[in-house]
Protein chains: 2
Amino acid sequence: MTKIDDVARLAGVSTATVSRALRGLPTVSAATRRRVLAAAEQLEYAVSPSASRLAGGRTGTVAVVVPRITRWFFGVIVETVEEFLHQAGYDLLLYNLGGRERIRQRVLRTANLHKRVDGIMLVATPLRPADLTALGALDLPGVIVSSGTGVPGWPCVRIDDVAAARTATRHLLDLGHRRIAHISGDPDDELAFTTHLDRRRGYRDALRAAGLHPDPSLDVESQFTIDGGTRAAEELLRRGDPPTAIFAACDEMAMGAMTALREAGLRVPQDVSVVGIDDHDLAGALGLTTIAQPAAEQARLAARLLLDPLGGRVLDPLAAPAGDGPPGIPVILPTRLVVRESTAPPRAH
Amino acid sequence: MTKIDDVARLAGVSTATVSRALRGLPTVSAATRRRVLAAAEQLEYAVSPSASRLAGGRTGTVAVVVPRITRWFFGVIVETVEEFLHQAGYDLLLYNLGGRERIRQRVLRTANLHKRVDGIMLVATPLRPADLTALGALDLPGVIVSSGTGVPGWPCVRIDDVAAARTATRHLLDLGHRRIAHISGDPDDELAFTTHLDRRRGYRDALRAAGLHPDPSLDVESQFTIDGGTRAAEELLRRGDPPTAIFAACDEMAMGAMTALREAGLRVPQDVSVVGIDDHDLAGALGLTTIAQPAAEQARLAARLLLDPLGGRVLDPLAAPAGDGPPGIPVILPTRLVVRESTAPPRAH
DNA sequence: CTGAAAGCGCTTACAG
DNA sequence: CTGAAAGCGCTTACAG
């Protein structure tokens, strides 16, 4: 493999000049740069990342940490960030936590990310005090997407989960529902994150604002998955006196709940209305009413907030968004209610 | 940050010994190893990846290339491979092609992967002759998942796409269908891969075996997405005299087709039966009959085939599968028909 | 604008 | 089993 010395020799300059020319530093004459570029091309020279990192201290790599890439929201985030990062010349190191607590520790504790990346994107990642200490010790720039815990000095991009849940619940209230169940995340989950707490709060807020008392027997905790939604809905039905409507904390849970309802012989929305949050790819196919959240926009904005301080050569920078506050103050992106066929007024008794 | 010299000093040995002890090389006495490990722990030492790579020539990183991580199959592959790689001590560099032809070139051509990874996993990636040349020049071990083009010397893990399609089609034939449509991939797609060609072949084989002539007007090309399925089904309906059954080349297309059928006022399966391939997460929720393929197993096996030659310290090696042939001969994993509610006999006329 | 030289932090023969 | 020394292939002050 050709190395920088070969290029230097062919171009008739020093390796320092080759290095400068190839990286586009301004302190190189146009003629020299041309010669260097030609030589590099002719030799098909590619810089050695390890050597460049060791000497220069930059890794050109960003770590992206998600709970489960197979969930719709996280898939969209990673896909969008990947494009953005590669356009900006960065590599993407993927960490899929997948509920494996030990791996999560390994990722977040100093050792693994140490000197491995220039920046970190944490998506819906729950942080304990020890994690925060470890991240602080890393002394790297980072960005938070979608709630989870905040890190001092890191910007955060998210939606207003409380408001989204409130809107979903109010939609059901407006249709005339009074027995509205809620399916949400399991606080005992090792990877519990704050999202489900906020969404439960919005649900309760909306009920109270309508003069209703949240009924604990209508509030079921489960996993943020299709299966979790199915099991939660089964549990609800087992309790007897089923609700006339269900607000699930995410679309995947809502879809799982729809399956359970159908298996139980209940029709959606005639017998039970269902609403979720996300606007999942398949929400349309299933006719699911939901609160749409802008996943790709959150990803793009977060990537930009991360790369800007890194001096990333972003090819297609976004216009500065209105809500683009200083680091630490979360940037809140808007959500919107999308009414489909899974919600309707309750049947008259 | 502490470096190897600090550890060497504290342990009272040379840096060479620290390096050996930390990597578990056998040529270190037990007592020395203990002292080194204690010193490293006390100083919270973490090896610098760049320095280690430059000196050692190994990157401890694997590139995983997928067409679109948001598609069910690719999401499962990445999630499974990620766990396997991290357990084995490797980092995962993610490349999501996303239909961006230029990026694909950048990834596959020598420069980018050069000295950046120890191995490559190509998932359903179409390769041109120039790509094959570039991969050959990289001189790295690799593995292919799910068809696409083969690379000389690289093992390949996949299902038998022809057989899977034949089974799906025969299921419809067995139910009594004769007007069976097929929705498949777009050969003009920049990222066209071979999967859809094999699946079409299986479809036609099954029809011919039943004494039927494949009808071009029942064969629609589209994208391997939900949307693609919807558009293809709309096109089918537009042609008049609709089929009594549709075999879609993947579950996402099948789901999209179901949406289009519903919107057109047709019931599944009473008016039109639908079958896909995959056994997508939501196939159950939608009652979709499909040919299940073992995504996670393909991923695990491929990861193992890639890591073994790399000497990866795999913590939980799989038992050697029966079909584990020598590199170059594809390992074919079994599929199975899962009958749900989306298929039924055609209505009597 | 350019070059000589030091240095980034490891690993690897080589010698003992 | 262990160490001294060279070397991996770049980048970065520093000097000119």
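Nothing here was measured: the structure is a model prediction, and the numbers come from that model. Every chain is numbered from 1, with letters handed out A, B, ... down the list of sequences.
Distance, Y45(B) OH to dG9(C) P: 10 Å, rounded to whole Å. Between L25(B) atom CG and dG3(D) atom C1' there is a gap of 15 Å when expressed in whole angstrom units. Spacing between atom CZ of R34(A) and atom C1' of dC1(C) amounts to 15 Å, rounded to whole angstrom units. Counting to the nearest Å, the P atom of dG7(D) and the CD1 atom of I4(A) are 19 Å from each other. With rounding to whole Å, K3(A) atom NZ is found 16 Å from dT11(D) atom C1'. To the nearest angstrom, P of dA5(D) lies 14 Å from CG of D5(B). Spacing between atom CG of D6(A) and atom C1' of dG9(D) amounts to 11 Å, rounded to whole angstrom units. With rounding to whole Å, L43(B) atom CG is found 12 Å from dC10(C) atom P.
Checking side-chain atoms of T80(B) against main-chain N and O of V76(B) turns up a donor-acceptor pair under 3.5 Å. Of the possible polar contacts, one joining the R35(B) side chain to the A11(B) backbone as a donor-acceptor pair under 3.5 Å is found. Between the side chain of T59(A) and the backbone N or O of D118(A) there is at least one donor-acceptor pair closer than 3.5 Å. Checking side-chain atoms of R33(B) against main-chain N and O of A21(B) turns up a donor-acceptor pair under 3.5 Å. With R23(A) contributing its side chain and S19(A) its backbone, the two residues share a donor-acceptor pair below 3.5 Å.
Considering only side-chain atoms of A55(B), the nucleotide from dG3(D), dG3(C), dC8(D) that sits closest is dC8(D). Side-chain atoms of K115(A) lie closest to dC10(C) of the nucleotides dC10(D), dC10(C), dG3(D). Listed nucleotides dT12(C), dC10(C), dT2(C) differ in distance to A16(B); the shortest reach to its side chain belongs to dT12(C). Side-chain proximity of T32(A) to the nucleotides dC1(C), dG9(D), dT2(D) is greatest for dC1(C). Taking only side-chain atoms of S29(A), from C-beta outward, the nucleotide of dC10(C), dC10(D), dC1(C) with the closest atom is dC1(C).
Backbone-only contact: P26(A) has heavy atoms under 4.0 Å from sugar-phosphate atoms and none from a base. At a threshold of 4.0 angstrom between heavy atoms, the contacts of R20(A) include nucleobase atoms, whether or not backbone atoms are also involved. Within the 4.0 angstrom heavy-atom criterion, no nucleotide atom of any strand lies near S50(A). Here T27(B) lies in heavy-atom contact (under 4.0 Å) with a base.
Closest approach of M121(A) to A299(A), counting heavy atoms only: CE-O, 4.5 Å.
Dashed line: the shortest gap from a side-chain N or O of R23(B) to OP1 or OP2 of dT12(C) is under 4.0 Å. Side-chain nitrogen and oxygen atoms of S48(A) include none within less than 4.0 Å of the OP1 or OP2 phosphate oxygen of dG9(D). At dT11(C), one or more side-chain N or O atoms of S52(B) fall inside 4.0 Å of OP1 or OP2 (strictly under the cut-off). Considering only side-chain N and O atoms, R53(A) lies nowhere under 4.0 angstrom from the phosphate OP1 or OP2 of dC10(D). Neither OP1 nor OP2 of dT2(D) sits under 4.0 Å from any side-chain N or O of T17(B).
Take the nearest nucleotide of DNA chain D for R35(B) and for G56(B): the residue whose nucleotide is more 5' is R35(B).
Taking OG of S29(B) as the start and CZ of R34(B) as the end, the distance is 8.0 Å to the nearest 0.5 Å. Taking CG of N96(B) as the reference point, atom CD of E82(A) lies at 5.0 Å (rounded to 0.5 Å).
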Inset, instruction - Would you sketch DNA chain D in dot-bracket for me? Only Watson-Crick or G-U wobble pairs with both distances under 3.5 Å count, crossing pairs as [ ], other-strand pairs as |, the rest as dots. - result: |||.||||||||.|||
